[in-house]
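Beneath this line is the structure, given in structure tokens, with notes to follow.
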Amino acid sequence: MTDVLGVLVIARNGDRTEYYQDPRTYESSYTESTALGAAESHQLGSFLRSTYMSSSSPSYIADMKTDLVDTHEVHVHAKAGGEGTVIFDSAIALLQGLFPPNPANKIVLANETTVIAPLGGYQYVPIETVEPGNDKSLEPWTDCPAFEQHIADVYSSSEFKETARAAGPFFGSVRDYVFGRPTTLENAWNIYDYVSTELSHNKTYAHRLPPTLVEQARGFADFHENAVFSDKDVGGIGNLAGRTILHTVLSSLQRIAFNGDPLQFLLIETSYQPFISLFHMFEMVKESPELAGIPNYASALAFELRRGPAPEDRDFVRIKFKNGTNGAFETYHAFGHKSDIAATEFIYRIENYAITSQKQWAAACSSGLDDDWLHIGSQDAISSTVFAILAAVFLLGMFVLSKFVKSARAKAQNTRIRLADDEVSQSHPPQSQYPNYGTLSNVGPGIAPF
């Protein structure tokens, strides 16, 4: 089956500076892109171009415009929360490789002057940023009480405690190389991120770091993130990162399958968390346990929609994954299949677990909480209600006071006017009894009296 109708690609950002995440809430620090990260993402874009936009490729999308981008056929979403600045930069770099500058990107003006876009025909592809304040699809785990409870449950599990005891010698060895950072399994992500970042960018550090420490740090970070961003239940809160992005995956495949919709290529540039959840939700880790961990920088997960052979003409989904910049796509199968899965079955088996709206996300983040969480929530609700009542009373009081002051001022002004009228009536006859002739002394030059 070589007839590829379209593809959805989920890509991880490229290399960046150190990135801290709170072990209990996953609130994060600021980070910046690096030239290495831009090069990694650009390389991924070039790879995707050779895969889907080259007529010699078995995954070539035949009906897609490949030289000059058609923004009706290509859509791009980029996560704005967390590593948002890095992710946006990575999306830009990837698109530069996917649609490189082309001198054909030009315009002929009315005076017959030809103008080529800057940088030899640079192609500007619109990017839709996904802000977590408005859309939780790409960062649903922050500000989510149920997910924080899930993290706490992971830390209190027997498996986590046993792994923490086994990791004791490693954390004792690495302590001198992380400079005051907590050396605990709960902080495994931040330990690995610091060590690997310094190893890549700090020559002195790289020369002094003992062998195997970064590999051990990666192993414990993989264990930590896999435990946090997965769940034994497909619809569990641990799979939240996969459940929110799943709606975009399924709706895009349906759009690509519909002949009346021009969409053929959707890129979602995001962070590593959804990869872990989706690998578990599609049961891919059962056949390939190496997927149970953090994907490398510039990794890509592709969902190809393929048209089956005649006379059936059914659509199938093929899942491919490329871990980082090395190697090519490898094909993986969902739900225990040994080949491509029918699109109808793929959607049927997973669609009920997708979170499709902010309302559903809020419901998921408040369900299954224990009494302590509910007590905290009720206290917050009571405090908010009391504050609202006090604010309303204050505003009402200010309104009544302003009315009273205004009325008092109006009465005082009326009193002064009456007193002035009385004085005028006693000292002068009414003005209306005398013609208003005026005098030459109060008439301006050149103006006749009237």
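Please read all numbers here as calculations on a predicted model, not as lab measurements.
- Counting only N and O atoms by type, the side chains of N105 and N102 include no donor and acceptor under 3.5 Å apart.
- The pair E345-R349 counts as a salt bridge, with a side-chain nitrogen and a carboxylate oxygen less than 4.0 angstrom apart.
- The shortest side-chain heavy-atom distance between D70 and P262 does not fall under the 4.5 Å cut-off.
- Judged by distance alone, the side chains of E159 and S157 never bring a donor and an acceptor atom under 3.5 Å apart.
- Put simply, the side chain of K136 never gets that close to the backbone of L138: no donor and acceptor are under 3.5 Å apart.
- E18 and Y20 are not linked by any side-chain donor-acceptor pair at a separation below 3.5 angstrom, with hydrogens and angles left out of the test.
- Figure legend: R181 and Y194 shown as a cation-pi pair, the cationic atom lying under 6.0 angstrom from the six-membered ring centre and within 45 degrees of its axis.
- Remark: the S59 side chain and the R306 side chain contain an N/O donor-acceptor pair separated by less than 3.5 Å.
- Between F279 and F321, a ring centre-to-centre spacing shorter than 6.0 Å is recorded.
- Distance alone, capped at 3.5 Å, is enough to place a donor-acceptor pair between the S299 side chain and the G324 backbone.
- In the model, Y19 has no side-chain atom that pairs as donor or acceptor with a side-chain atom of E83 under 3.5 Å.
- Each of Y192, F220, F223, Y177 was scored for a ring-ring contact (aromatic ring centres under 6.0 Å, His included) with F170, with one residue passing: F220.
- A salt bridge is absent between R307 and D3: the closest approach of a Lys/Arg side-chain nitrogen to an acidic carboxylate oxygen does not fall below 4.0 angstrom.
- Other residues, nucleotides and ligands place more than 12 heavy atoms under 6.0 Å from the NE2 atom of H201.
- Under a 3.5 Å cut-off, the side chain of R243 and the backbone N or O of I237 do not form any donor-acceptor pair.
- Defined by atom type and a distance below 3.5 Å, a donor-acceptor pair is missing between the side-chain atoms of T244 and S137.
- Ring centroid separation for the pair F229 and Y26 comes in under the 6.0 Å cut-off.
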